[in-house]
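Reckoned from all heavy atoms, side chains included, excluding hydrogens, waters and symmetry mates. Naming convention: chains lettered A, B, ... in sequence-line order (proteins, then strands); numbering from 1 in each chain.
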Amino acid sequence: MIDLKYLQNNFDEASARLQKKGVESNTLENLQSLFIQLKEANAAFENARAEQNSMSKLFGQYKQEGKDIAELKAKVDANKEVMAELQEKAREAEEALYTVALAIPNFPDEGVPEGKDEEENVELRKVLEPRSFDFEPKEHWELGEKNGWIDFERGVKLAKSRFSVLRGEAARLERALINFFLDTNRAKGFEELCVPFLNNAAMLQGTGQLPKFGDDLFKIEDEALYLIPTAEVPLTNMYHDEILSEKELPVLMTGYTPCFRKEAGSAGRDTRGMIRQHQFDKVEMVAIAHPDKSDEVFEMMVQNASDILTALGLPHRVVELCGGDLGFSAAKTIDLEVWLPGQNKYREISSISNTRDFQARRAKIRFKDGKQNRFVHTLNGSSLAVGRTLIAIMENYQNADGTIAIPTVLQRYM
RNA sequence: AGACAGGUGGCCGAGCGGUUGAAGGCGCACGCCUGGAACGCGUGUAUAGUUAACGCUAUCGAGGGUUCGAAUCCCUUCCUGUCUGCCA
């Protein structure tokens, strides 16, 4: 959530910053007036409550002293009604405020490029030269079927469309990648965690998926639980409503989880192949950092993910997202896009974001700064999306006869 | 899943309708003591909102109710423990 006090005190600046993300200034004006209304409603209610409290104290005194309480009782009863009304108003004001506030995205960082969609993202650098083929490189679905690696039909049979089955060497390669990623992250200082794949609503609100993006989540029937769309949710919320000591920072965590997404807004996109599935494996990095150090940690995370691609010999490029393409919670995001020769395109394989204190404020993750409690900065990034890495290996390591070589670094994992 | 017992501050633990944000202890911080330490003594030690400030409001797992007044009584719910069932 954005800092409402900051909004109130620096309205024009805040409004200008959120314009990058396409938030209308009248939405913010509305938010600001709801905030002021809540404060007023709370003040009125709290005053009535204070009066009630002091009369109640008197009441006890009178009784002890054996004084007549009839008059006081009448006053207190009258005030009680007023108070109940004021309380209801305050409650309504609060609900109105949070309905709006929880749906406002994070401020983009100052340096984030202007732009309305992915077309205006900025390429920072390319890493590794794409290999040149002396034959027409095939797309991964063709290679997947030819090698018996991906069984699309049976995935659909078992579940529904956008599910698939990996078989034989592909299944082992998937597992090898997970292990390789986790080991690499661990070597960089990330603690490895194995977390629940179902999380409750409070956690999903903490990281920003709820309330606004519930349509993209699989919810468990008759349970207040959701299949996680990314390990960012459980890893970041490890410290939900906790206060860390400054010396614990940064907390670096990594974990493998499957991720489940309804892909509600993606009808018709990437329907062929394994690029966009309802279930996919991912190894995630999450950092909980001191506000002064989060930029440093961010760079380290980008470098780590890029290094993994390099180690696998996969050409990729590093792209900074423009304001319009930034996710809801992110203040700054760098995507890594891997080269897919079959598609003749760079495709997203990792997304690393600094959410600053946006998630921390929602999830109440703080640290002790002297006597004061302050919000931490939270960061997350894939290292990497496993299924897409598998695809990238298939397309980049394919031979003319359709067979696929295994990258050297993975051979000891197979 | 069923039965019973519980959930109080960083931790342990008292309180079971009134001035209790909460005794006592431990821990922690600071000061005194010491050559330095331990011991001892003293002081302090939750979070959030609001206010220029004094202060006010909220929080004893969570939500609701009874009452002038709830940590204390009632209901719902979540969690923990023990036993039974089931299961990897």
Side-chain angles (χ1 to χ4, degrees), chain A residues 1-9 31-102 194-206 210-211 219-226 234 237-249 251 258 357-376:
Chain A
M1 206 167 81
I2 61 167
D3 183 350
L4 294 173
K5 275 192 206 161
Y6 166 78
L7 177 73
Q8 193 187 21
N9 296 328
L31 180 64
Q32 189 186 30
S33 86
L34 288 171
F35 183 49
I36 293 166
Q37 279 167 38
L38 174 63
K39 281 215 265 200
E40 286 170 357
N42 270 341
F45 167 57
E46 280 174 15
N47 282 338
R49 186 68 156 261
E51 200 178 324
Q52 190 77 353
N53 285 346
S54 72
M55 284 194 288
S56 286
K57 271 187 189 170
L58 259 189
F59 200 100
Q61 251 177 49
Y62 279 24
K63 266 196 129 170
Q64 222 166 23
E65 295 164 9
K67 285 192 190 165
D68 180 40
I69 53 167
E71 196 186 329
L72 185 60
K73 170 107 166 86
K75 267 171 80 177
V76 124
D77 281 344
N79 188 55
K80 201 181 179 185
E81 273 179 46
V82 175
M83 200 175 71
E85 246 173 74
L86 291 172
Q87 179 168 32
E88 179 58 20
K89 275 191 192 153
R91 202 197 55 76
E92 281 168 15
E94 186 172 356
E95 196 184 308
L97 174 69
Y98 281 100
T99 302
V100 176
L102 287 173
C194 195
V195 293
F197 303 160
L198 299 176
N199 279 195
N200 62 43
M203 302 305 118
L204 285 144
Q205 180 169 310
L210 286 178
K219 183 168 190 303
I220 304 297
E221 198 175 349
D222 299 326
E223 293 274 359
L225 293 171
Y226 299 79
N237 282 295
M238 279 291 291
Y239 295 97
H240 188 105
D241 202 11
E242 292 193 23
I243 300 168
L244 293 144
S245 72
E246 190 172 347
K247 63 174 189 288
E248 288 175 87
L249 302 178
V251 178
D357 62 1
F358 185 81
Q359 292 179 326
R361 183 170 279 109
R362 286 177 161 243
K364 302 196 202 80
I365 309 171
R366 290 151 296 169
F367 73 100
K368 274 256 181 267
D369 188 10
K371 287 213 75 139
Q372 227 193 346
N373 293 334
R374 286 176 64 195
F375 289 115
V376 296

When rounded to whole Å, the CD1 to C1' distance for the pair Ile243(A) and U47(B) reads 7 Å
Discussion item. If I pick the C1' atom on G63(B) and the same atom on A58(B), what distance separates them, to the nearest angstrom?
Written reply: 15 Å
Which part of the nucleic acid does Asn79(A) contact within heavy-atom distance under 4.0 Å: base, sugar-phosphate only, or nothing?
nothing
Distance between C1' atoms of U20(B) and U77(B) (Å, rounded): 27 Å
Met55(A) atom CE is separated from C56(B) atom C1', nearest whole Å, by 15 Å
Residue pair Val76(A)/Ser54(A) against RNA chain B: nearer the 5' end by closest nucleotide is Ser54(A)
query: With a 4.0 Å cut-off on heavy atoms, is Ala50(A) in touch with a base, just the backbone sugar-phosphate, or nothing at all?
result: sugar-phosphate
What interatomic distance, in whole Å, is found between P of U43(B) and the corresponding atom of C26(B)? 14 Å
Requested in this report: Could you tell me whether Lys63(A) contacts a base, only the sugar-phosphate backbone, or nothing, with contacts defined as non-hydrogen atoms closer than 4.0 Å?
Outcome: base
Taken to the nearest whole Å, CG/Leu38(A) to C1'/U50(B) is 11 Å
**Item:** Nearest-angstrom distance, C1' atom, U34(B) to A71(B)
**Value:** 44 Å
RNA chain B in dot-bracket form (Watson-Crick or G-U pairs under 3.5 Å, [ ] crossing, | inter-strand) is ((((((((.[[[..)..(.....]]]((((((.......))))))(((((....))))).[[[[[..)....]]]]])))))))....
Side-chain contact check for Asn53(A): nearest option of U19(B), U50(B), A58(B) is A58(B)
Any ion pair linking Glu71(A) and Lys75(A) (charged N to carboxylate O, less than 4.0 Å)?
no
Problem set entry | Side chain to side chain, Asp241(A) and Arg366(A), heavy atoms closer than 4.5 Å | yes
Here the distance between atom P of G69(B) and atom CD of Glu51(A), to the nearest Å, is 14 Å
ask   = Is any N or O donor-acceptor pair between the side chain of Glu46(A) and the base of G49(B) shorter than 3.5 Å?
value = yes
query = If you measure from the P atom in A23(B) to the same atom in G10(B), how many Å do you get, rounded?
reply = 13 Å
When rounded to whole Å, the CG to P distance for the pair Asn47(A) and U50(B) reads 14 Å
Exercise. Report yes if some heavy atom in the side chain of Tyr226(A) is under 4.5 Å from a heavy atom in the side chain of Met203(A); otherwise report no.
Key: no
Check your understanding: Would you call Leu102(A) and Arg362(A) a side-chain contact if the rule is heavy atoms closer than 4.5 Å?
Key -> yes
Nearest heavy-atom approach of Met83(A) to Gln52(A) is SD-CB, 3.8 Å
Using only side-chain N and O atoms of Lys368(A), determine if any of them is under 4.0 Å from OP1 or OP2 of A29(B).
no
Within the structure provided, determine whether Leu244(A) and Tyr239(A) are in side-chain contact (heavy-atom separation under 4.5 Å). yes
Taken to the nearest whole Å, CD/Gln52(A) to C1'/G18(B) is 14 Å
Is Asp77(A) touching bases, backbone alone, or none of the nucleic acid, heavy atoms closer than 4.0 Å? sugar-phosphate
Item to complete: For nucleotides U76(B) and C68(B), find the distance between their P atoms and express it as a whole number of Å.
Response: 24 Å
Here the distance between atom P of A48(B) and atom CD of Gln372(A), to the nearest Å, is 8 Å
Could you check whether Lys364(A) gets within reach of a base, just the sugar-phosphate, or nothing at all, counting any heavy atom under 4.0 Å? nothing
- Please measure how far the C1' atom in C4(B) lies from the corresponding atom in A70(B), and state the result in whole Å. 26 Å
Notebook entry, point to check: Looking only at atom P, what distance separates G65(B) and C60(B), rounded to whole Å?
Noted result: 15 Å
Check your understanding: Quick one: is Arg49(A) getting a side-chain N or O under 4.0 Å of the C56(B) phosphate, OP1 or OP2?
Key -> no
Could Lys89(A) and Glu92(A) be called an ion pair, given the rule that one side-chain N must be under 4.0 Å from one carboxylate O?
no
_Within the 4.0 Å heavy-atom criterion, would you say Asn373(A) contacts the bases, only the backbone, or no part of the nucleic acid?_
sugar-phosphate
Let's go through Leu38(A) and Asn42(A) carefully: what are the C-alpha distance in whole Å and the side-chain angles of both, what is the deciding distance for side chain to side chain contact (heavy atoms under 4.5 Å, CB included) to 0.1 Å, and is it a yes or a no? CA-CA 6 Å; Leu38(A) 174 63; Asn42(A) 270 341; 3.6 Å; yes
Respond yes when some side-chain nitrogen or oxygen of Lys73(A) is under 4.0 Å from OP1 or OP2 of C68(B), and no when none is. yes
TODO: Determine the contact category for Gln64(A): base if any of its heavy atoms lies under 4.0 Å from a base atom, sugar-phosphate if only primed atoms, P, OP1 or OP2 are that close, otherwise nothing.
DONE: base
Atom CD of Glu94(A) and atom C1' of A58(B) are separated, to the nearest Å, by 11 Å
Checking G69(B), U47(B), U50(B) against the side chain of Lys80(A) (C-beta onward), the nearest is G69(B)
- Query: Do Ile365(A) and Gln359(A) come within less than 4.5 Å of each other through their side chains, counting heavy atoms only?
  - Reply: no
